[in-house]
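Single-structure report; data block below.
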Amino acid sequence: MSALKVVSSKLAAEIDKELMGPQIGFTLQQLMELAGFSVAQAVCRQFPLSGKTETERGKHVFVIAGPGNNGGDGLVCARHLKLFGYNPIVYYPKRSERTEFYKQLVHQLNFFKVPILSQDEENWLEYLKPEKTLCIVDAIFGFSFKPPMREPFKSIVEELCKLQDRIPIVSVDVPTGWDVDKGPISQPSINPAVLVSLTVPKPCSNHIRENFTTHYVGGRFIPRDFANKYGFEPFGYESTDQILKL
Ligand SMILES: NC(=O)C1=CN([C@@H]2O[C@H](COP(=O)(O)OP(=O)(O)OC[C@H]3O[C@@H](n4cnc5c(N)ncnc54)[C@H](OP(=O)(O)O)[C@@H]3O)[C@@H](O)[C@H]2O)[C@@H](O)CC1
Ligand SMILES: [K+]
């Protein structure tokens with residue numbers, strides 16, 4: 001276990017609320033854009049295309065998006081990956097009706113010709129093959145997940161657990177199915193090859209496997225005094241980087 005500074009789910013929610021409150025005035029869209037952008041950067045850092053063969057470069061990044069904001073981060077990430085020269089494909093089984101904004105993110109993916117598997121795609125595993133897939137982006141649930149997991153996500157996560165020894169998983173903020181504070185609470189559970197914590201790591205990140213999971217922090221959107229107010233030091237991002245390897 002690392003001695004990493006973490007904030008509880010309750011505090012993470014308070015941070016979010018203040019960032020998007022009347023005093024600071026970020027919009028959800030702004031934060032989600034930066035969050036998804038940083039996850040795309042983590043994929044690039046971990047799985048660089050430079051020096052790769054044509055076949056390797058053509059592999060898919062399979063992005064699975066859930067119904068909430070974690071899923072929204074995934075949709076944004078897919079768009080940036082396309083711009084970075086990757087070949088993303090999105091599985092978005094339960095599309096959010098929460099706001100018009102989610103529909104706009106889908107339109108943008110269409111604009112970039114990123115394939116989105118239809119809501120009733122039963123053969124989604126056909127698009128996910130170790131020889132054809134570079135990695136999976138797990139953007140199903142983040143810090144608002146409450147067990148037990150409902151379908152269709154329960155079956156999806158079970159399949160991911162079977163595949164994860166052969167295809168690396170990049171989890172956005174919280175590995176799906178983990179309790180944000182307690183970590184993996186049910187079996188089987190996702191063991192990501194990469195975890196990208198957003199804003200600040202949550203307590204569950206103390207449960208990642210030390211020699212297995214590469215941990216990044218991303219979502220570079222707070223100044224020093226704001227971090228200090230919530231009890232942590234800002235992260236030492238370099239230059240224009242949106243991620244920092246911890
Ligand atoms: N400042 C930051 O750090 C920023 C953080 N951001 C990101 O937001 C994430 C948090 O987003 P969030 O609050 O929308 O919640 P999230 O985890 O996506 O899940 C909610 C959805 O899941 C569903 N659901 C829940 N339990 C379920 C179950 N058992 N089985 C099935 N469904 C279940 C629930 O459905 P409901 O229960 O409401 O019907 C709802 O639809 C955070 O982790 C980070 O990635 C950035 O975008 C912006 C900046
Ligand atoms: K996730």
Side-chain angles (χ1 to χ4, degrees), residues 6-21 24 26-40 42-43 62-77 80 91-99 101-102 105 135-158 160-161 164 169-181 183-186 189-205 208 213 216-222 226-227 230 232 235 242-243:
V6 297
V7 302
S8 67
S9 55
K10 191 167 166 279
L11 213 54
E14 281 174 30
I15 291 175
D16 255 23
K17 201 171 162 206
E18 189 171 356
L19 285 172
M20 290 184 267
I24 301 177
F26 272 119
T27 61
L28 174 66
Q29 287 91 327
Q30 280 179 293
L31 297 185
M32 195 178 280
E33 188 67 27
L34 288 168
F37 184 45
S38 54
V39 177
V43 170
F62 196 87
V63 179
I64 311 183
N69 294 342
N70 198 257
D73 295 348
L75 301 178
V76 171
C77 166
H80 286 288
Y91 183 33
Y92 189 24
K94 202 175 162 213
R95 299 193 187 185
S96 176
E97 304 293 330
R98 240 194 249 181
T99 60
F101 174 55
Y102 283 90
L105 288 178
C135 65
I136 298 165
V137 174
D138 154 29
I140 305 177
F141 299 126
F143 61 59
S144 301
F145 166 73
K146 293 279 170 297
M149 199 179 296
R150 301 186 293 272
E151 293 293 359
F153 300 104
K154 184 171 180 286
S155 303
I156 292 172
V157 168
E158 281 167 4
L160 293 187
C161 291
Q164 62 187 344
I169 296 181
V170 179
S171 285
V172 180
D173 205 24
V174 177
T176 289
W178 287 29
D179 180 89
V180 58
D181 291 323
I185 44 167
S186 55
S189 68
I190 286 182
N191 275 304
V194 177
L195 172 64
V196 187
S197 294
L198 295 170
T199 317
V200 59
K202 318 299 178 292
C204 65
S205 61
I208 56 174
T213 307
Y216 293 92
V217 64
R220 187 181 178 179
F221 36 60
I222 55 170
F226 186 83
Y230 282 93
F232 61 96
F235 296 91
Q242 297 299 306
I243 47 159

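This chain uses plain numbering: 1 for the first residue, then up along the sequence. One-based numbering, in listed order, for ligands and for the atoms of each.
In terms of heavy atoms, Tyr216 sits closest to Ala42 at CD1-CB, 4.1 Å. For Gly177 against Ser186, the heavy-atom pair with the smallest separation is O-OG, 4.4 Å. Nearest heavy atom pair, residue Tyr230 against residue Glu18, reads OH-OE1, 2.6 Å. The minimum heavy-atom distance linking Ser8 with Asp181 is given by the pair CA-OD1, 3.6 Å. Considering all non-hydrogen atoms of both residues, Ile243 and Ser38 come closest at CG2-O, 3.2 Å. Shortest non-hydrogen contact noted between Gly74 and Ala139 is CA-CB, 3.6 Å.
At a distance under 4.0 Å, a protein heavy atom can be found next to atom 7 (C) of ligand 1. The nearest protein heavy atom to atom 38 (O) of ligand 1 is not closer than 4.0 Å.
Looking at Pro93 and Ile156, their side chains come closer than 4.5 Å, going by heavy atoms from C-beta outward. Counting heavy atoms from C-beta on, the side chains of Ile136 and Ile169 come closer than 4.5 Å.
If you number the atoms of ligand 1 from 1 as listed, the ones under 4.0 Å from a heavy atom of Pro148 come out as 28 (C), 29 (N). Those atoms of ligand 1 with a heavy atom of Asp173 less than 4.0 angstrom away are 42 (C), 43 (O), 44 (C), 45 (O). Interface atoms of ligand 1 facing Lys146, defined by a heavy-atom separation under 4.0 Å, are 25 (C), 26 (N), 27 (C), 28 (C), 29 (N).
Using a cut-off of 3.4 Å, one finds that Ser171 contributes no N/O/S atom close to the K ion (ligand 2). With 3.4 Å as the limit, Asp138 counts as an N, O or S neighbour of the K ion (ligand 2). The K ion (ligand 2) lies under 3.4 Å from an N, O or S atom belonging to Val172.
Residue Thr199 places a heavy atom under 4.0 Å from ligand 1. Note on ligand 1: Gly72 sits outside its first shell, no heavy atom being nearer than 4.0 Å.
Using a 30° and 60° split on the angle between ring planes, Phe221 and Phe26 fall in the tilted class, from 30° to 60°. Ring pair Phe145/Phe141 is parallel by interplanar angle, where below 30° counts as parallel and above 60° as perpendicular.
Residue Phe143 places at least one N or O, backbone or side chain, under 3.5 Å from an N or O of ligand 1. For Leu19, no nitrogen or oxygen atom sits less than 3.5 Å from a nitrogen or oxygen atom of ligand 1, counting backbone and side chain alike. Between Asp73 and ligand 1, a contact under 3.5 Å exists for at least one N or O pair. Annotation: Leu31 places no N or O atom under 3.5 Å from an N or O atom of ligand 1; distance criterion only.
Here the heavy atom of the protein found nearest to atom 23 (C) of ligand 1 is Phe141 CE2, 3.7 Å. Looking only at protein heavy atoms, the nearest one to atom 11 (O) of ligand 1 is Asn69 CB, 3.2 Å. Protein heavy atom nearest atom 16 (P) of ligand 1, with residue, atom name and distance: Gly142 N, 3.7 Å. The closest protein non-hydrogen atom to atom 41 (O) of ligand 1 is Pro67 CG, 3.4 Å. Counting only heavy atoms of the protein, atom 35 (O) of ligand 1 lies nearest to Arg150 NH2, 3.7 Å. At the shortest separation from atom 40 (C) of ligand 1 among protein heavy atoms lies Arg98 NH2, 3.8 Å.
With the K ion (ligand 2) at the apex, Phe141 O and Val174 O define an angle of roughly 80° (rounded to 10 degrees). Rounding to 10 degrees gives 100° for the angle at the K ion (ligand 2) between OD1 of Asn70 and OG1 of Thr176.
The distance from atom CG of Leu198 to atom CE of Met32, rounded to the nearest 0.5 Å, is 10.5 Å.
Compare Thr27, Val39, Asn70, Val76 by their heavy atoms: the one nearest to atom 9 (C) of ligand 1 is in Asn70. Nearest-residue assignment for atom 4 (C) of ligand 1 (options Asp16, Ile15, Leu198; heavy-atom criterion): Asp16. Nearest-heavy-atom check against atom 12 (P) of ligand 1 across Ser144, Gly68, Gly219 picks out Ser144. Which of Phe153, Phe221, Phe145 comes nearest to atom 27 (C) of ligand 1 through a heavy atom is settled by distance: it is Phe145.
When each of Asp138, Thr176, Thr213, Asn70 is checked for a side chain to side chain donor-acceptor pair (under 3.5 Å) with Ser171, only Asp138 meets the rule.
Put simply, the side chain of Gln164 never gets that close to the backbone of Ala193: no donor and acceptor are under 3.5 Å apart. At distances below 3.5 Å, at least one donor-acceptor pair connects side-chain atoms of Lys202 with backbone N or O atoms of Val200. With Trp178 contributing its side chain and Ile190 its backbone, the two residues share a donor-acceptor pair below 3.5 Å.
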